[in-house]
**Q** 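Let me begin by handing over the structure; questions about it come next.
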Amino acid sequence: MVLPRTSAIGGYSDLSMATAYSSRRVRLRCPPRYAFEQFFAVRRYGDMTFAHDSRSVLYVANTSGQFNLWRQSVRGGWPYQLTAFEEETVRSIGCSPTGGEILFMADRHGTEFHQIYRMRTGWPQPLTDNPKVQYYFHQDCFSPDGAKIAYWCNERVPTDMDLWVLDLKRGEKRLLLGDGKYYAVSNWSPDGQKLLALNVKSNTDQDILLVDLASGAAQNLTPHEGQVVYSPGPWLPDGSGFYLLTDEGREFKGLAFYDLQKGQRRWVETPDWDVETVELSREGRYLAWVVNEDGVHKLYVRDLRRQQLLPLPELPQGIFSAGLGAQLRFSPNGRFLAFWLNTSRRPQDLYVLDLERGRLRQITFAMLGNIPEKDLVEPELVHYETWDGRKIPAWLYKPLGLKSGERCPAVLAIHGGPEVQELPNFKSFYQYLLNRGIGVLSPNYRGSTGYGKSYQKLIRRDWGGGELKDFEHAVKFLHRLDWVDPERIGVVGGSFGGFATLSCVTRLPQYWAAAVDVVGPSNLVTFAKSVPPHWRRFMKEWVGDPDEDREFLRERSPITYVDDVRCPLLVIQGANDPRVVKAESDQMVERLRARGGTVEYLVFEDEGHGFTQRHNELKAYRAAAEFLERYLLAR
């Protein structure tokens, strides 16, 4: 549930009843009420990279109603749609350094069986065509001469991820690493003779391998004891070494450089927060990185020739992300730096920084709903004490316009992963609820990333344990707020957040007036058995072994306590979900219906673990928000 990230849940609108209900209990004088469609009139984006000529940026956007490939000039202007898929979803992009050739991944109806497509001019052509195999590549998948690509897949053995190289001219592919492990490939050395690859053992334990293309030999550059993250970054132009991110000997990931001749690494930046990404301009002059400081991203760019940080134009305090983690890209000519940026009141958009002129240009405009920023809510970072004395960070959103003494409903919104981080980025669903007078608290419970690897590991083999107590203390925190009505608190979440939602309503039933579960596991035994084949090697460490730990997993499963549910529940599920299969939602709904519980069930036959088609996304968001309005505003 932590590999590649997807969006989770959303909102609804028959607003006539909601307006009548809310006027009785909460009088909002400002901001004005906006229509549901305005909050969700937002373009969503995915991967991005520069075209080989540095004049334009390629990116993924759902402007057409589905995620397709687009091209836009670095100076802005009209974007050009390069693909016209309706059933397939474009994911990652790679661009040949020699020009004219684009690769991208796409899957159909959310199955995550990504295929690789090749595009020069005209309609894209599939390079792979195996609907039961998952193919992946890194953005820098092309060899320096553009003749080959490197990728990884589970084509040979469903439970393994092997590393392959494909000769594009000859159509010949070669297995480089395939010995029963989970490999991922990073980038090519400048001379095209070597590849950096990852041996992924878990989210918090990886090794960087240097693979020689001629011999096929793989050298482990990062032998270590215990669990350490190593993430390879860009090479120096002369091939003498590369940058990397690692938490070796630290709680947080720092930026380091690996010298190949010396076989040693040296630290470059060691902040007391995670360095999230690093990029180097092709000629080696500019080094850029992003630091995640308590959930807010800070961009740094260093001129390596002058050994000084560049003064940057003033940027909104926000997140350099498009759902893929922080993402930066230098243009091939080294002049431009592109990145996504969004804030809690401004959806993510693409910005291009001209390093020669020090000029920043926004080239996409995601928000179409014509809602002024002043009428949207910026969250407050709060910390509440939990059962073992830890301080849990959380983002608290208070509706605008509440009078002193007035109380409104609130929702505990639980992020997925679980090993990801709730960030203060723009969320249409939250802002819509806030506009209707419903507050939101979204905690970074134990297991969340961004607060050190020890904190992250607390969730391992403890699903439904310590973090459930964190949620109980989150509700108690809401009870202490003088503007929250303790009798009207809901809980929502997707993926792991859906599991957490089901845990809350089954094991802490006294706190909730309504709940929305999106693609959440209900039975940890069946869940652990049904995840994608290449995830199964991780399940014992993440959750537990479905055979060895059967009784423990049963005791932690929401389905075990289904008879204790008191509040109305909405369940939303994608029929093609490969991570949390539909049977997980089916069994919860069937059990609740059998005992006469109030449960609504919405299944999307052409979606997986999240929403790729806009009309489905809107339907799900509408259903979720209408459900919460009905049970939180009417009481």
Side-chain angles (χ1 to χ4, degrees), residues 43-63 67-82 90-97 99 102-104 138-142 187 233-234 243 275-292 297-303 309-316 318-343 346-366 425-426:
R43 296 185 179 103
R44 290 172 56 200
Y45 300 108
D47 200 12
M48 66 89 176
T49 192
F50 276 92
H52 76 284
D53 61 5
S54 300
R55 297 177 181 176
S56 59
V57 184
L58 303 167
Y59 59 81
V60 175
N62 76 335
T63 308
F67 286 95
N68 275 289
L69 181 62
W70 296 73
R71 182 198 298 270
Q72 192 164 1
S73 168
V74 295
R75 291 177 173 80
W78 190 257
Y80 293 90
Q81 186 173 343
L82 300 182
V90 176
R91 308 284 187 172
S92 296
I93 317 167
C95 188
S96 171
I102 300 169
L103 290 188
F104 62 85
H138 186 269
Q139 277 195 336
D140 297 316
C141 57
F142 281 95
N187 45 18
Y243 290 93
V275 179
E276 294 241 327
T277 191
V278 58
E279 286 293 325
L280 182 70
S281 58
R282 187 175 294 181
E283 82 289 354
R285 178 173 180 178
Y286 297 113
L287 181 71
W289 67 97
V290 169
V291 179
N292 178 346
H297 291 173
K298 300 291 181 64
L299 172 65
Y300 299 88
V301 182
R302 177 175 290 138
D303 185 331
L309 289 174
L310 291 183
L312 301 177
E314 185 175 351
L315 296 170
I319 309 301
F320 292 83
S321 172
L324 301 165
Q327 190 179 18
L328 308 173
R329 294 296 286 180
F330 280 105
S331 60
N333 65 7
R335 176 176 172 176
F336 302 106
L337 177 65
F339 50 83
W340 298 109
L341 178 62
N342 72 92
T343 73
R346 187 182 302 178
Q348 65 194 32
D349 273 305
L350 187 59
Y351 291 76
V352 176
L353 175 62
D354 186 332
L355 297 168
E356 288 185 5
R357 300 183 179 182
R359 182 180 299 171
L360 182 69
R361 187 190 302 270
Q362 179 182 341
I363 70 169
T364 68
F365 296 88
N425 51 356
F426 183 84

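We number each residue from 1, following the sequence as shown. Any value given below was found using the heavy atoms of this structure, including those in side chains, with hydrogens, waters and symmetry copies removed.
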**Q** Where do Pro313 and Gly358 come nearest, in terms of heavy atoms and distance?
**A** CG-O, 3.5 Å
**Q** Does a side-chain heavy-atom distance below 4.5 Å link Leu315 with Phe339?
**A** yes
**Q** Would you say that more than 12 heavy atoms from the other residues, nucleotides or ligands in this model lie under 6.0 Å from the CZ of Arg302, or not?
**A**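 Yes, the 6.0 Å shell around CZ holds more than 12 heavy atoms from other groups.
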**Q** Identify the two heavy atoms, one from Asp349 and one from Ala366, that lie closest to each other, and give their separation to 0.1 Å.
**A**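 Smallest heavy-atom distance, with atoms named: OD1-N, 2.7 Å.
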**Q** Got a second to check how far Leu299's CG is from Phe320's CZ, nearest 0.5 Å?
**A**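 The CG atom of Leu299 sits 4.5 Å away from the CZ atom of Phe320.
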**Q** Can any side-chain N or O of Asn342 pair as donor or acceptor with the backbone N or O of Phe426 at less than 3.5 Å?
**A** yes
**Q** Is there side-chain contact between Leu82 and Asn68, with at least one heavy-atom pair below 4.5 Å?
**A** no
**Q** Would you compute the distance between atom CZ of Phe67 and atom CZ of Arg43 and round it to the nearest 0.5 angstrom?
**A** 13.0 Å
**Q** Not counting sequence neighbours, which residues clear side chain to side chain donor-acceptor pair (under 3.5 Å) with Arg335? List them please.
**A**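 Partners of Arg335 by the side chain to side chain donor-acceptor pair (under 3.5 Å) criterion, ordered by chain and then number, come out as Asp354.
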**Q** Scan side-chain atoms only and decide if Gln139 and Asn187 contain a donor-acceptor pair under the 3.5 Å cut-off.
**A**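 The criterion, which ignores hydrogens and geometry beyond distance, is not satisfied for Asn187 and Gln139.
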**Q** CG of Leu58 to CZ of Arg329: how many Å apart, nearest 0.5 Å?
**A** 10.5 Å
**Q** Taking side chain to side chain contact (heavy atoms under 4.5 Å, CB included) as the test, write out the residues that go with Ala338, two or more places apart.
**A** Met48, Phe50, Leu350, Val352
**Q** Minimum heavy-atom separation for Leu103 to Cys141, with atom names?
**A** CD1-SG, 3.9 Å
**Q** Tell me whether Asp47 contacts the main-chain N or O of Val60 through its side chain, where contact means a donor paired with an acceptor under 3.5 Å.
**A**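 No, because the side chain of Asp47 does not come within donor-acceptor range (under 3.5 Å) of the backbone of Val60.
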**Q** Search all heavy atoms of Ser73 against all heavy atoms of Ile363 and return the closest pair with its distance.
**A** O-CD1, 3.7 Å
**Q** Find the distance between OH (Tyr286) and CG (Leu337) and round it off to the nearest 0.5 Å.
**A**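 If we round to the nearest 0.5 Å, Tyr286:OH and Leu337:CG are 10.5 Å apart.
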**Q** Identify the two heavy atoms, one from Cys95 and one from Thr49, that lie closest to each other, and give their separation to 0.1 Å.
**A** CB-CG2, 4.3 Å
**Q** Does Trp340 use its side chain to pair, donor to acceptor, with the backbone of Gly46 at less than 3.5 Å?
**A**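 Indeed, once roles are kept as given, a pair shorter than 3.5 Å links the two residues.
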**Q** If we ignore hydrogens and angles and just use 3.5 Å, is the side chain of Ser281 paired with the main-chain N or O of Gly334 as donor and acceptor?
**A**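 The answer is no, because no donor-acceptor pair under 3.5 Å joins these two groups.
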**Q** Quick one: pull up OH in Tyr80 and CD in Gln72 and give me the separation to the nearest 0.5 Å.
**A**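 The OH atom of Tyr80 sits 10.0 Å away from the CD atom of Gln72.
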**Q** If you take all heavy atoms of His52 and Pro97, which pair is closest and at what distance?
**A** CB-O, 4.2 Å
**Q** Is any side-chain heavy atom of Phe330 closer than 4.5 Å to a side-chain heavy atom of Pro234?
**A** no
**Q** Between OG1 of Thr364 and CG of Leu341, what distance do you get to the nearest 0.5 Å?
**A** 10.0 Å
